[in-house]
Chemist: 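The structure that follows is given in the form of structure tokens.
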Protein chains: 2
Amino acid sequence: MVVDELREAELDRVFRAFADSTRRDIVRRVTGDGLNVSGLARHYAMSFAAVQKHVAVLERACLVTKERRGREQLVRANRDGLERARRLLEEYEAIWRQRAGRIADILAEGTAQGREAP
Amino acid sequence: MVVDELREAELDRVFRAFADSTRRDIVRRVTGDGLNVSGLARHYAMSFAAVQKHVAVLERACLVTKERRGREQLVRANRDGLERARRLLEEYEAIWRQRAGRIADILAEGTAQGREAP
DNA sequence: GTAACGTACAACCAAATGGTTGTAGATGAG
DNA sequence: CTCATCTACAACCATTTGGTTGTACGTTAC
């Protein structure tokens with residue numbers, strides 16, 4: 001199986017973006033109606049610039065989008081990003097199930113043919 | 001809603017652990033049979049110590065477990081960790097669906113009562 | 001017993017991260 | 001027009017991260 005570098009880098013960005021409680025909170029806050037950056041910044045005990053950076057990280061990971069609204073910038077959650085991340089984790093669980101299943105099969109075979117104690 | 005600091009820190013660790021392609025690969029490799037640390041290290045173009053550190057990060061995030069086997073240390077994937085992370089993402093999607101649904105309702109109301117163009 | 005193996009851990013380094021302040025450019029309100 | 005607001009971005013700083021090498025210690029094989 002060839003490693004898909006692009007996809008890997010994308011996943012790095014998505015998980016990294018989620019690895020910060022402020023950013024997770026931002027995603028929650030901008031889900032639905034959306035908010036401008038200042039509106040977001042008011043909720044956190046940090047500078048406007050810091051919030052701006054967090055939004056930039058989320059944007060690079062395609063978890064939110066920014067849209068100009070006059071002098072404001074409307075930040076909104078991007079559902080596709082969330083879904084992609086979730087699917088990846090489901091994939092890992094699928095691998096787990098598959099391998100765990102294979103082992104169960106092997107054990108079952110062994111039992112059926114009395115190989116567990118030669 | 002009170003912020004659950006413990007849980008937040010836990011999520012930080014889980015997502016951070018996943019935010020590295022080597023670590024994601026390690027999780028795949030130790031799903032099922034498990035592998036000792038040297039066995040893992042052979043697959044990567046980096047030092048044994050580096051792989052050891054990656055395993056430590058995964059262990060702190062409860063995504064893998066280590067188990068002594070004589071002089072070796074068997075690394076195995078911990079399904080619970082994976083499942084927890086996936087559920088969290090599903091939760092975010094649920095928030096999305098809920099709010100998106102509410103908006104859809106509001107829009108529907110508006111249309112029904114002719115509020116969209118006063 | 002000794003040599004080879006598998007692991008643990010410390011010390012170090014470059015680069016990335018998460019925060020700050022400060023400056024400057026657009027846009028909207030009065 | 002002028003002023004307040006919203007945003008963008010650079011420069012800086014402390015800490016964390018992801019990697020290295022080197023050393024030490026328990027276990028297994030011969």
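Residue numbers begin at 1 in each chain, while the letters A, B, ... track the order of the sequences. Computed from a prediction, not measured in an experiment: that's the story for all the values here.
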Chemist: Could you give the distance from NE2 (B:H54) to CG (B:D20), rounded to the nearest 0.5 Å?
Modeler: 5.0 Å
Chemist: Give one of base, sugar-phosphate or nothing for B:R68, where a contact means two heavy atoms less than 4.0 Å apart.
Modeler: sugar-phosphate
Chemist: Taking the side chain of B:A49 as its heavy atoms from C-beta onward, which of D:dA8, D:dT20, D:dG18 lies nearest to it?
Modeler: D:dT20
Chemist: Counting only side-chain heavy atoms from C-beta out, which of D:dG19, C:dT7, D:dA8 sits nearest to A:F48?
Modeler: D:dA8
Chemist: To 10°, what angle do the rotation axes through the five end pairs on each side of the helix from C:dG1-D:dC30 to C:dG30-D:dC1 form?
Modeler: 30°
Chemist: Can you tell which of D:dT20, C:dG18, C:dT20 lies closest to the side chain of B:K53?
Modeler: D:dT20
Chemist: Can you figure out which of D:dT20, C:dG6, C:dT7 approaches the side chain of B:R42 most closely?
Modeler: C:dG6
Chemist: For the side chain of A:D20, counting heavy atoms from C-beta on, which of C:dT20, C:dG18, D:dT21 is nearest?
Modeler: C:dG18
Chemist: Which nucleotide sits closest to the side chain of A:Q73: D:dT7, C:dT7, D:dT20?
Modeler: D:dT7
Chemist: Counting side-chain heavy atoms from C-beta on, which of C:dG6, D:dC6, D:dC9 comes nearest to A:R71?
Modeler: D:dC6
Chemist: Once you apply a heavy-atom cut-off of 4.0 Å, does B:R23 come out as touching a base, just sugar-phosphate, or nothing?
Modeler: sugar-phosphate
Chemist: Are any of the side-chain heavy atoms of B:C62 and B:D80 separated by less than 4.5 Å?
Modeler: no
Chemist: On the six-membered ring of A:Y44, is A:R29 placed so that its NZ or CZ lies under 6.0 angstrom from the centre and within 45° of the ring axis?
Modeler: yes
Chemist: What does B:S38 touch in the nucleic acid at a heavy-atom separation under 4.0 angstrom: a base, only the sugar-phosphate, or nothing?
Modeler: sugar-phosphate
Chemist: Can you tell if the side chain of A:T22 reaches within under 4.5 Å of the side chain of A:M46, non-hydrogen atoms only?
Modeler: yes
